[in-house]
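Here the structure is laid out as structure tokens; the discussion comes afterwards.
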Number of protein chains: 2
Amino acid sequence: MQSSPRINLKTLAEHLGLSITTVSRALKDGPEVKPETVARVKQAAAALGYQPDAGGVYLRTGRTMKICSVFFAPEVTDYGDAGFLAQVDGVSRTLEGDNYNLIVLAQTASQSPLDTVRRVFQQRLADGVIFSRTMPMDERVRFCLEYKFPFVSFGRTELQTSHAFVDHDDEGGVYDAVIKLAGEGHRRIALFNPTGGLTYAGLRLRGYQRALAEVGLPWDPSLLVSADLSVWASQAALLALLQRDRGVSAILCANQLSMFGAMEAALEHGMDPTRDGLRIVGFGGMPFRMPFEQGVTYYYQPQRRDGEELARHMLALLAGSAPESLQTVLPYQRIDDLQRFRLELREQAAGSV
Amino acid sequence: MQSSPRINLKTLAEHLGLSITTVSRALKDGPEVKPETVARVKQAAAALGYQPDAGGVYLRTGRTMKICSVFFAPEVTDYGDAGFLAQVDGVSRTLEGDNYNLIVLAQTASQSPLDTVRRVFQQRLADGVIFSRTMPMDERVRFCLEYKFPFVSFGRTELQTSHAFVDHDDEGGVYDAVIKLAGEGHRRIALFNPTGGLTYAGLRLRGYQRALAEVGLPWDPSLLVSADLSVWASQAALLALLQRDRGVSAILCANQLSMFGAMEAALEHGMDPTRDGLRIVGFGGMPFRMPFEQGVTYYYQPQRRDGEELARHMLALLAGSAPESLQTVLPYQRIDDLQRFRLELREQAAGSV
DNA sequence: CGCACAATTCAAAACGTTTCGATTAACCTG
DNA sequence: CAGGTTAATCGAAACGTTTTGAATTGTGCG
């Protein structure tokens, strides 16, 4: 158990009086090796604590056994997105089973999204990449397709070539929300959408317009508000809306941060959510405690599951599955009573521990 | 700009009519290469988009150019810790300047903290490791010291051998809070501490007791409440406290999640923060909007800066600096008016963009 | 006994990089 | 111009692994 000379195939082979070739093959149950020898090698490897050197394996095989997930850092500017961590946890946990490790690369505001992906590819930082904030004509998707670099996007594109993705059914969620709100008598329903040309913003708009048409409400562009996906930006944009349009009685937010922004805007505008009957609809993962919770509807998706699905797709891709078969659109779960929902999650968590 | 043959030193050398040696040296400004040649090589490298292959570099130099940050996944169970992302952002951004990449390894509940660090070391996943949740006799610190593996702990230890760390001045923060609260007339001040034997829990207790002694208040063990660092656990523990002890007028929380827990507990107990004059003291990063904000004092530390400091220490360590010189204890900033503080941060952020 | 054939094992090459030591060319000194 | 010094470049080895092709044994059959 001496530690100075690091255990590698060579030391292991010398120690056993075998060749490097045989040891290497024995460790992966090569059929050319005598079963007896296999057992002997494996025992010695375990005893000496041999671990294959990742660099050596890569150089020979071209496989890094790493997957990269891109983390969009500018979103951290104010409250950050705790849900991303749950996703990371899901990805990490799923990859672990197949001996893959996760690299998280922070994408700063200064570099373009494509730069980050290109770097992963060119420096061979990982065998595949996972990214979000997907756009209809996403350049990262194009890049990966061109160089045949395995990837799973969190969000769909409108590109011809099909590829692996995981996405939320935002069109369906928004559609459902508008139908319900209209049923309750709401006439002026605002839609908040993130800027940046993300695919799901378009899908949300489609669901919105489809529902409006169905219930016979007019499509009023002034009810569509766009801003950055942060508390402050959405707050400012929605405050402006409330100030210029007294008829708005419901706001469809994009994620938790913009929901916080909507609530702050309502309070800043002097509204009392209970008295004024303002309805706020949010979308996202595990809901934080909010400034107020009356009149709030929440469309929920567990983000750890997103991560698990992303990782499963990635592993399947690397194992040779066709991208067409690796496309998931996950439905939202509608929550009307947040308090009760939290209690449920709490019991659920307590039960699993 | 042909894409099929990957650009490596060999192709680059052939393209320039130079040897691999010269090209390699030119790219790192080796003094043995004619300045003119250096320029020529660099230009060609840029034009062809040459990026050194991470695996090749590692195999030769033994440097992975990666740093691993361990992410404690069980904390995600409910609200997650958005602050960790800010830290990740800080680490990542700082490493980037020195061409290091960040690996985030999720530590699941099933594996011991030591396992994760050991894996990083044995598989040579990274050149160094950063971890938190440090304990006085931390086994990970012991391990890294024994194998001379570079590390920076977020949190101090009580081990003899000195090592690099970054920590918050929790003792000072708690001390300051108790002094102020006592000055306002509070007599029964509760201290919430996380379970798990973390170093900073002990430091908090020390600051608490020191302040009590100084202002002449008795040390009452029943005012010390311990539970997991989650909303639910802290909520349950603090609710129990409020129910059994009617005299408690202030609660010192540990992080944002336990502060949420304290507020939920107070509300569940039927308290009106304004009317009942309950003071809640929180510690942590960027403060979320909370269920109520009257009577709240917040001790703030920007977590992105934590990450930057951790990364700076790591880089210095790898450059050969003595660990003794890489020990930081950061003071908290006391915030009495959260609303105003958020506005300040907002303007600050707006100014920097 | 000679030959083919299977069962084991091995030597060597390759991946991309850095670096030691050697080589060449050019320049200076006496 | 011989001999020495410097500047610039190059060839080759090494890192740890997998894999191709070859070598060594043992066995069965004619």
Side-chain angles (χ1 to χ4, degrees), chain A residues 4-42 44-45 48-66 99 119-127, chain B residues 4-42 44-45 48-66 99-101 121-127:
Chain A
S4 353
R6 212 174 124 57
I7 308 291
N8 53 25
L9 278 187
K10 193 165 151 212
T11 39
L12 196 54
E14 280 167 1
H15 178 260
L16 284 161
L18 287 170
S19 75
I20 295 181
T21 310
T22 307
V23 174
S24 170
R25 283 214 260 250
L27 287 174
K28 37 185 67 60
D29 289 306
E32 309 100 325
V33 184
K34 192 158 53 169
E36 185 187 312
T37 310
V38 170
R40 203 159 61 95
V41 170
K42 284 196 171 176
L48 295 178
Y50 168 75
Q51 296 264 101
D53 181 282
V57 173
Y58 160 67
L59 198 57
R60 175 63 224 227
T61 64
R63 311 194 76 180
T64 63
M65 300 308 279
K66 295 187 179 64
N99 268 85
R119 191 158 119 243
V120 175
F121 172 70
Q122 287 186 333
Q123 294 191 232
R124 289 289 186 273
L125 255 34
D127 296 335
Chain B
S4 347
R6 214 174 121 53
I7 308 290
N8 52 26
L9 279 186
K10 192 166 150 209
T11 37
L12 195 55
E14 279 166 3
H15 177 261
L16 282 161
L18 287 170
S19 76
I20 295 181
T21 309
T22 306
V23 175
S24 170
R25 283 214 259 250
L27 288 174
K28 36 184 69 60
D29 289 305
E32 307 99 324
V33 185
K34 192 159 53 169
E36 186 189 312
T37 312
V38 170
R40 202 160 60 95
V41 170
K42 283 196 170 176
L48 296 177
Y50 167 76
Q51 298 264 100
D53 180 282
V57 173
Y58 161 66
L59 198 57
R60 175 64 225 223
T61 63
R63 312 193 76 181
T64 63
M65 300 308 280
K66 295 185 180 70
N99 268 87
Y100 274 88
N101 288 306
F121 172 71
Q122 287 187 334
Q123 293 189 234
R124 289 291 185 273
L125 254 36
D127 297 334

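The figures here come from the full heavy-atom set of this structure, side chains too, leaving out hydrogens, waters and symmetry mates. Below, read A as the first sequence line, B as the second, and so on, with proteins coming before strands; counting in each chain starts at 1.
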Heavy atoms under 4.0 Å, any strand shown: does B:Gly30 hit a base, just sugar-phosphate, or nothing?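 Answer is nothing: B:Gly30 stays at 4.0 Å or more from every strand.
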Between [N] ([atom2]) and [X] ([atom1]): distance, integer Å:
| X | N | atom1 | atom2 | value |
| --- | --- | --- | --- | --- |
| B:Glu36 | D:dT9 | CD | C1' | 14 Å |
| A:Glu14 | C:dA11 | CD | C1' | 15 Å |
| B:Asp29 | C:dT18 | CG | P | 13 Å |
| A:Leu18 | C:dA11 | CG | P | 11 Å |
| A:Lys10 | D:dA13 | NZ | P | 15 Å |
| B:Arg40 | D:dT9 | CZ | C1' | 12 Å |
| A:Leu9 | D:dC15 | CG | C1' | 13 Å |
| B:Ile7 | C:dC15 | CD1 | P | 15 Å |

[N] OP1/OP2 closer than 4.0 Å to side-chain N/O of [X]:
| X | N | answer |
| --- | --- | --- |
| B:Ser24 | C:dT18 | yes |
| A:Thr21 | D:dT18 | no |
| A:Thr22 | C:dT9 | no |
| B:Lys28 | C:dT18 | yes |

Between C:dT8, D:dG11, C:dA11, spot the one nearest the side chain of A:Lys34, thanks. C:dT8
Among C:dT9, D:dT17, D:dC10, the one nearest any side-chain atom of A:Ile20 is D:dT17
Any donor and acceptor pair, going by atom type alone, linking the side chain of A:Ser24 with main-chain N or O of A:Ile20 inside 3.5 Å? no
Overall bend - the helix from C:dC1-D:dG30 to C:dG30-D:dC1, comparing terminal axes fitted on five pairs, nearest 10 degrees: 70°
Would you call B:Thr64 and B:Leu125 a side-chain contact if the rule is heavy atoms closer than 4.5 Å? no
Check DNA chain D against residues 49-63 of chain B and give the residues with a non-hydrogen atom under 4.0 Å, in numerical order.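 Output list: B:Leu59, B:Arg60.
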Does the Lys NZ or Arg CZ of A:Arg119 fall within the cation-pi geometry relative to A:Phe121 - under 6.0 Å from the ring centre and within 45° of the axis?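 No.
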What's the spacing between B:Leu48 CG and B:Leu12 CG if we round to 0.5 Å?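 The CG atom of B:Leu48 sits 6.0 Å away from the CG atom of B:Leu12.
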Looking only at non-hydrogen atoms, find the nearest pair between A:Ala126 and A:Lys66 and report the distance. CB-O, 3.2 Å
